[in-house]
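Worth saying up front: this structure is predicted, and the values here are computed from it rather than measured.
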Amino acid sequence: MQQTLSMQSPTRLNAPRDKATKPRKREIGATAMLLGVSVLVACAWAIGRWGGFTAGSRVGYNLGLAGGIMMLLLFLYPLRKHFRFMHGFGPAKYWFALHMMLGILGPLFILAHSRFHVGSINAGIALASMSLVAGSGIIGRFIYTRIHHGLYGRRASLQELRELAGLNSKEVQSKLAFAPRVEGALADFEAELATPQRNRLRSVWTFTTLWLRGHIVYMRCVRELNRLYRDHARSQGWDHAKTQRRLAAAKRLVRTYLQGVQRVAQFNTYERLFSLWHVLHVPLVYMLVFSAIAHVVAVHMY
């Protein structure tokens, strides 16, 4: 029976996939985001290092002024959220996109203005506050996408994530019926993550190592799929291109399913992290405002 399934079922993976197994639109990953920010910071450093200006010169002053204005404009997004009369000024997602863009450009202009040098105590406090707020914003952006539909989408629910991952249907299992070991590995992985962890330390360990465990399961499944498709291709006379095309479809199905399982398992933890992040981010913003005002006053008085 198992041999019969392995000889017939691989072809079913070429059937059109429905919403449950369709991969989500790819988001900018954390590594790519950090790399991009690092490149921009390096550009700001190069401008400050070889720009031929000082923080008090006309160019340096205007760079700081532009960065300060951008940081002030960041408050448009929270104002848009809290004041009803501003709700008609365009969709919130565009305001959020502007908020993120200003949150990156503003600190870069100020870093170029400072030339990465701290000239006074109040300037050092303002620069440190700005760096904390900018770093907090990047972390918040990463957490945000784990509990929302994309970067600008509405807040997701655990039930919706389960449906998107295909965890409420038997489609994945039926398509992998020809590979019982793969099917069993996926089922064991999902069942293990669905079991509540009462020990907090163990829960933290599970959360931080989830990506590695998912990758290990994926590699086990890939080895089994390679074996099954190799045997099937030999018996059916498939050419290399056809074998690789159908094998890629099976790998994509397994990868999408595992990603969905991991996202569902991490959802509640990311919700708690986002609430904690919001509690910490707001005081940092106030600290930035007060330190920036003190810095501007000190610069113009002395």
Side-chain angles (χ1 to χ4, degrees), residues 5-6 8-35 142-143 145-151 153 156-195 206-233 238 240-270:
L5 288 173
S6 65
Q8 296 176 355
S9 297
T11 59
R12 294 193 296 176
L13 291 176
N14 284 336
R17 295 170 298 162
D18 64 5
K19 183 179 180 181
T21 58
K22 184 178 180 180
R24 297 187 306 117
K25 184 178 180 180
R26 186 177 298 274
E27 296 287 345
I28 299 176
T31 302
M33 180 177 62
L34 290 176
L35 179 61
F142 175 77
I143 300 175
T145 57
R146 294 303 185 269
I147 59 176
H148 289 76
H149 292 290
L151 185 55
S157 68
L158 186 59
Q159 180 66 18
E160 288 174 329
L161 290 182
R162 291 186 64 84
E163 292 175 355
L164 289 174
L167 305 185
N168 293 336
S169 68
K170 296 298 182 182
E171 181 185 3
V172 175
Q173 286 80 358
S174 65
K175 286 188 174 183
L176 293 174
F178 70 95
R181 292 184 180 179
V182 174
E183 190 178 34
L186 296 179
D188 291 343
F189 183 66
E190 180 185 356
E192 181 181 359
L193 296 182
T195 304
T206 300
F207 177 80
T208 54
T209 60
L210 186 55
W211 65 273
L212 178 60
R213 297 164 65 190
H215 181 71
I216 293 174
V217 173
Y218 175 73
M219 295 307 298
R220 288 172 51 198
C221 293
V222 166
R223 285 196 298 269
E224 179 66 10
L225 289 172
N226 284 334
R227 184 186 66 81
L228 290 173
Y229 273 86
R230 183 175 60 251
D231 294 344
H232 189 80
W238 288 355
H240 179 74
K242 184 175 182 179
T243 303
Q244 291 303 311
R245 184 172 62 252
R246 299 194 175 184
L247 177 60
K251 292 179 180 179
R252 183 168 60 249
L253 180 67
V254 171
R255 182 171 58 250
T256 301
Y257 187 78
L258 286 172
Q259 290 173 347
V261 171
Q262 293 178 67
R263 194 177 183 206
V264 168
Q266 293 175 328
F267 183 79
N268 290 330
T269 302
Y270 276 122

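If you take CG on Leu225 and CZ on Arg230, they are separated by 11.5 Å, rounding to the nearest 0.5 Å. A distance of 9.0 Å separates CD in Glu183 from OH in Tyr257, rounded to the nearest 0.5 Å. Distance check, rounded to the nearest 0.5 Å: OG1 of Thr256 to NZ of Lys251 gives 13.5 Å. With values rounded to the nearest 0.5 angstrom, Asn226 atom CG is found 8.5 Å from Met219 atom CE. Atoms SG and CG, on Cys221 and Leu253 in that order, are 10.0 Å from each other to the nearest 0.5 Å.
The minimum heavy-atom distance linking Tyr270 with Ile143 is given by the pair O-CG2, 3.5 Å. Listed here is the closest heavy atom pair of Tyr229 and Leu247: CD1-CD1, 3.8 Å.
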Please output the side-chain donor-acceptor pairs of residues 207-216 that fall under 3.5 Å, not counting sequence neighbours, one pair per line with the distance.
from: Thr208; atom 1: OG1; to: Val204; atom 2: O; distance (Å): 3.0
from: Thr208; atom 1: OG1; to: Trp205; atom 2: O; distance (Å): 3.1
from: Thr209; atom 1: OG1; to: Trp205; atom 2: O; distance (Å): 2.7
from: Trp211; atom 1: NE1; to: Thr208; atom 2: O; distance (Å): 3.2
from: Arg213; atom 1: NH2; to: Glu192; atom 2: OE1; distance (Å): 3.4
from: Arg213; atom 1: NH2; to: Glu192; atom 2: OE2; distance (Å): 2.3

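With sequence neighbours excluded, the residues satisfying side-chain hydrogen bond (donor to acceptor under 3.5 Å, both in side chains) with Tyr218 are Arg255.
Ring-plane geometry between His232 and Trp238 is classed as perpendicular, the angle between the planes exceeding 60 degrees on a 0 to 90 degree scale with a lower cut at 30.
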